[in-house]
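Each chain gets a letter, A, B and so on, in the order its sequence line appears, and its residues count up from 1. Given the structure is predicted, the values throughout are model-derived calculations rather than measurements.
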Number of protein chains: 2
Amino acid sequence: MEITIDTHGEEPAYKQLADQLRAAITRGDYAPGDLLPSLKQLSGAHGIAIATVQHALQVLKDEGLIYGVSGRGTFVRRAARPPS
Amino acid sequence: MEITIDTHGEEPAYKQLADQLRAAITRGDYAPGDLLPSLKQLSGAHGIAIATVQHALQVLKDEGLIYGVSGRGTFVRRAARPPS
DNA sequence: ATGCATTTGTTCGTATGTATG
DNA sequence: GCATACATACGAACAAATGCA
């Protein structure tokens, strides 16, 4: 599935990205332990600033879905999809 | 009481500001419903960037201590000091 | 009511520090 | 040492909401 950011939409870009990344993780597009695209990749791929990407990722970090590791990247938590 | 930010300290500026504002609110320096100093005031008063002030305020918003209103300012929540 | 000033919200660009490999 | 990547910080800009004249 694809992540698309509508810069002219009503929802802020960071929220769109956070929502879509959350959906992708929940769907299993990114499995627990998986490495997410880098800030630079997300930034370049969707035409939004690194700070905005970081804002989106910060939301998911606060939710406990992902975590960042300096020098390595951003990963999906093992507890991202607790057994329903 | 005074808020002082040590730019050369080990703790990041946004965390220092968040901690000290949280303490001030908990202490009652800012009562529930009170208006906090504006971003510009906090920025100028402590010699830190507006973005850094917002980062600090975002922490307290996430904690549910304060909330912002466009065009008016940032307020202390009524539930800021739930009865222990 | 129209406009202006203030303030928050959001976004972008950039730079530096730190940690990893 | 070097490349990659996150964390922090600064500066700047525009939009939207609010209040007031």
Side-chain angles (χ1 to χ4, degrees), chain A residues 3-22 25 30 32-78 80, chain B residues 3-22 25 30 32-78 80:
Chain A
I3 289 180
T4 56
I5 307 296
D6 177 13
T7 312
H8 301 64
E10 300 168 8
E11 290 253 309
Y14 84 91
K15 195 166 293 185
Q16 292 181 50
L17 180 56
D19 288 345
Q20 296 189 41
L21 282 175
R22 189 188 305 105
I25 291 170
Y30 294 108
D34 271 5
L35 185 62
L36 264 57
S38 73
L39 294 178
K40 191 172 290 185
Q41 283 179 323
L42 286 172
S43 170
H46 306 115
I48 55 184
I50 286 184
T52 304
V53 175
Q54 283 186 312
H55 193 169
L57 295 185
Q58 186 58 51
V59 170
L60 302 184
K61 285 175 192 169
D62 288 345
E63 293 174 1
L65 277 176
I66 62 176
Y67 62 97
V69 180
S70 282
R72 296 194 56 204
T74 306
F75 300 85
V76 179
R77 273 203 196 283
R78 296 267 153 58
Chain B
I3 289 180
T4 56
I5 306 296
D6 176 13
T7 314
H8 301 64
E10 300 168 8
E11 290 254 309
Y14 83 90
K15 194 165 295 185
Q16 292 181 50
L17 180 55
D19 288 344
Q20 296 189 43
L21 281 176
R22 190 189 304 105
I25 291 170
Y30 294 109
D34 272 4
L35 186 63
L36 264 58
S38 74
L39 295 179
K40 190 173 290 186
Q41 284 179 321
L42 287 172
S43 169
H46 305 114
I48 56 183
I50 286 183
T52 305
V53 174
Q54 282 187 313
H55 192 168
L57 295 185
Q58 186 57 53
V59 170
L60 302 183
K61 286 176 192 168
D62 288 345
E63 294 175 1
L65 277 176
I66 63 176
Y67 64 97
V69 180
S70 281
R72 294 195 56 205
T74 307
F75 299 85
V76 178
R77 273 202 197 286
R78 296 268 155 56

Let me know the distance between [atom1] of [X] and [atom2] of [N], rounded to the nearest Å.
X        : N       : atom1 : atom2 : value
Leu35(B) : dT18(D) : CG    : P     : 14 Å
Asp6(B)  : dA9(D)  : CG    : P     : 11 Å
Ile5(B)  : dT8(D)  : CD1   : P     : 15 Å
His55(A) : dC6(D)  : NE2   : C1'   : 16 Å
Ile50(B) : dA12(D) : CD1   : C1'   : 10 Å
Gln58(A) : dA7(D)  : CD    : P     : 7 Å
Arg72(A) : dA5(D)  : CZ    : C1'   : 11 Å
Gln54(B) : dA9(D)  : CD    : P     : 14 Å

With both distances under 3.5 angstrom, what nucleotide forms a Watson-Crick or G-U wobble pair with dG1(D)?
none

pair_partner(dA1(C)), Watson-Crick or wobble, both distances < 3.5 Å, evaluates to none

Hey, does [X] reach any base, or is it just sugar-phosphate, or nothing, if we go heavy atoms under 4.0 Å?
X        : answer
Lys15(A) : nothing
Leu57(A) : nothing
Ile48(A) : sugar-phosphate

Report yes if at least one side-chain N or O of Ser38(A) is closer than 4.0 Å to OP1 or OP2 of dC6(D); otherwise report no.
no

Minimum-distance pair of heavy atoms, taken over all atoms of [X] and [Y]:
X        : Y        : answer
Gln54(B) : Leu39(B) : NE2-CD1, 3.3 Å
Pro32(A) : Arg78(A) : CB-CA, 3.8 Å
Ile66(B) : Arg77(B) : O-NE, 3.9 Å

Could you tell me from which nucleotide to which nucleotide of DNA chain C, 5' to 3', there is an atom under 4.0 Å from chain A heavy atoms?
dT10(C) to dG21(C)

Checking Thr74(B) side chain against Tyr67(B) main chain: does a donor-acceptor pair fall under 3.5 Å?
no

Test side chain to side chain contact (heavy atoms under 4.5 Å, CB included) on Leu17(A) and Thr52(A) and set out the steps.
CA-CA 9 Å; Leu17(A) 180 56; Thr52(A) 304; over 6 Å; no

Show your reasoning for whether side chain to side chain contact (heavy atoms under 4.5 Å, CB included) applies to Thr4(B) and Gln20(B).
CA-CA 8 Å; Thr4(B) 56; Gln20(B) 296 189 43; 4.2 Å; yes

By nearest heavy atom, map Gly71(A) and Ala51(A) onto DNA chain D; which one lands nearer the 5' end?
Gly71(A)

Sorted by position of nearest nucleotide on DNA chain C, 5' first, the leading residue of Lys61(B) and Val53(A) is Lys61(B)

Using the rule side-chain contact (heavy atoms from CB on, under 4.5 Å), only one of Ile25(B), Leu60(B), Leu21(B) pairs with Val76(B); which is it?
Ile25(B)

